[in-house]
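Residue numbers start at 1 and run along the sequence shown.
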Amino acid sequence: MKKKRKVALYGSNLLMSAIGKSLQEHSEFLIHQIDREVIGIGEVPGAALPDVLVFDLTTVPDDFAISVMRAHPVLLLIGVDIEKGKMLVLSGEESRFLTADDLVDAIEGGGL
């Protein structure tokens, strides 16, 4: 049996609510919301961390994603911007960087 992925929606605005409603139709996800006013993602204990964090790019500080990735590098971060119709997918997955070839592989997509 496939493990259910924990997906957290950061914030409770209309966009996050709509995304949550849509994702609930997928039984392979466990969906919950993190209320920005009550708790910051940096304060979530490690055991309670989701696998994926979805957030509205237009409502968080510019350094939000980097701060979260530094604190919780195992999270997959998905920032959405409904006005631009785009999403930004960030992973804290690490890759080796020992030589210039390693960097070339990462740039070409082979090291990710």
Side-chain angles (χ1 to χ4, degrees):
M1 182 178 202
K2 195 174 179 180
K3 179 187 169 211
K4 290 191 175 201
R5 298 199 71 186
K6 294 185 282 184
V7 179
L9 307 171
Y10 187 70
S12 56
N13 63 14
L14 185 57
L15 175 60
M16 289 298 104
S17 295
I19 289 172
K21 180 76 171 158
S22 178
L23 290 177
Q24 285 176 343
E25 297 175 8
H26 297 268
S27 61
E28 66 270 25
F29 301 139
L30 296 171
I31 309 299
H32 70 276
Q33 286 193 278
I34 297 174
D35 188 346
R36 292 177 49 169
E37 304 304 317
V38 175
I39 190 167
I41 187 64
E43 300 164 11
V44 175
L49 278 178
D51 300 304
V52 180
L53 178 70
V54 180
F55 61 96
D56 184 344
L57 281 167
T58 66
T59 64
V60 297
D62 290 340
D63 64 344
F64 175 80
I66 298 300
S67 298
V68 172
M69 286 180 68
R70 283 189 173 153
H72 306 292
V74 298
L75 279 178
L76 175 65
L77 303 177
I78 302 176
V80 295
D81 184 335
I82 195 73
E83 291 176 18
K84 294 181 180 175
K86 303 215 182 236
M87 70 178 170
L88 176 65
V89 180
L90 301 168
S91 169
E93 180 179 332
E94 294 182 0
S95 184
R96 66 177 193 212
F97 175 59
L98 303 174
T99 68
D101 289 337
D102 295 333
L103 181 58
V104 170
D105 285 347
I107 292 169
E108 293 177 342
L112 300 177

- request: Measure the spacing between CG of Leu9 and NE2 of His32 and express it to the nearest 0.5 Å.
  value: 8.0 Å

query: Does a sphere of radius 6.0 Å around CG in Asp63 hold more than 12 heavy atoms from other residues, nucleotides or ligands, not counting ones at 6.0 Å or beyond?
result: yes

message: Looking at Glu28, I'd like to know if its CD atom is crowded, meaning that more than 12 non-hydrogen atoms belonging to other residues, nucleotides or ligands lie closer than 6.0 Å.
response: yes

- prompt: Any link between Ile31 and Leu15 through a network of hydrophobic side chains (Ile, Leu, Val, Met, Phe, Trp, Tyr) touching at under 4.5 Å?
  reply: yes

field: Shortest non-hydrogen contact between Leu77 and Ala65, atoms and distance
entry: CD1-O, 3.5 Å

For residues 16-26, which side-chain donor-acceptor pairs fall under 3.5 Å, sequence neighbours excluded?
from	atom 1	to	atom 2	distance (Å)
Ser17	OG	Asn13	O	3.2

message: side-chain contact (heavy atoms from CB on, under 4.5 Å), that's the test. Do Leu53 and Ile34 meet it? Break it down for me.
response: CA-CA 9 Å; Leu53 178 70; Ile34 297 174; 4.2 Å; yes

- prompt: Does the side chain of Lys84 come within less than 4.5 Å of Leu57's, by heavy atoms?
  reply: no

query: Under 4.5 Å between side-chain heavy atoms, hopping through other hydrophobics if needed: is there a path connecting Leu90 to Val80?
result: no

message: Between Ile66 and Val89, is there shared hydrophobic-cluster membership here, with clusters defined by ILVMFWY side-chain heavy atoms closer than 4.5 Å?
response: no

message: Counting neighbours of CG on Leu88 that are heavy atoms of other residues, nucleotides or ligands and sit closer than 6.0 Å, is the number greater than 12?
response: yes

- request: Compare every heavy atom of Leu49 with every heavy atom of Lys6, then report the nearest pair and how far apart it is.
  value: NZ-O, 3.2 Å

message: Let me check something: do Val54 and Leu30 share a hydrophobic cluster, defined by ILVMFWY side-chain heavy atoms less than 4.5 Å apart, either directly or through other members?
response: no

message: Can you tell me how far apart CZ (Phe64) and OG1 (Thr59) are? Round to the nearest 0.5 Å.
response: 8.5 Å

query: Tell me, do Ser91 and Leu76 make a side-chain contact under 4.5 Å, heavy atoms counted?
result: yes

task: Is it possible for you to say whether Phe55 and Val74 belong to one hydrophobic cluster, with membership spreading through side-chain heavy-atom contacts below 4.5 Å?
output: no

- line: Residues Thr58 and Asp56: closest non-hydrogen pair is OG1-OD1, 2.7 Å

Test log, rule side-chain contact (heavy atoms from CB on, under 4.5 Å), inputs Lys3 and Asp51: CA-CA 11 Å; Lys3 179 187 169 211; Asp51 300 304; 3.8 Å; yes

statement: side chain to side chain donor-acceptor pair (under 3.5 Å) filter on Ser12, not counting sequence neighbours, yields none

- request: Using modelled atom types only, decide if a donor and an acceptor are shared between the side chain of Gln33 and the backbone of Gly11 within a distance under 3.5 Å.
  value: yes

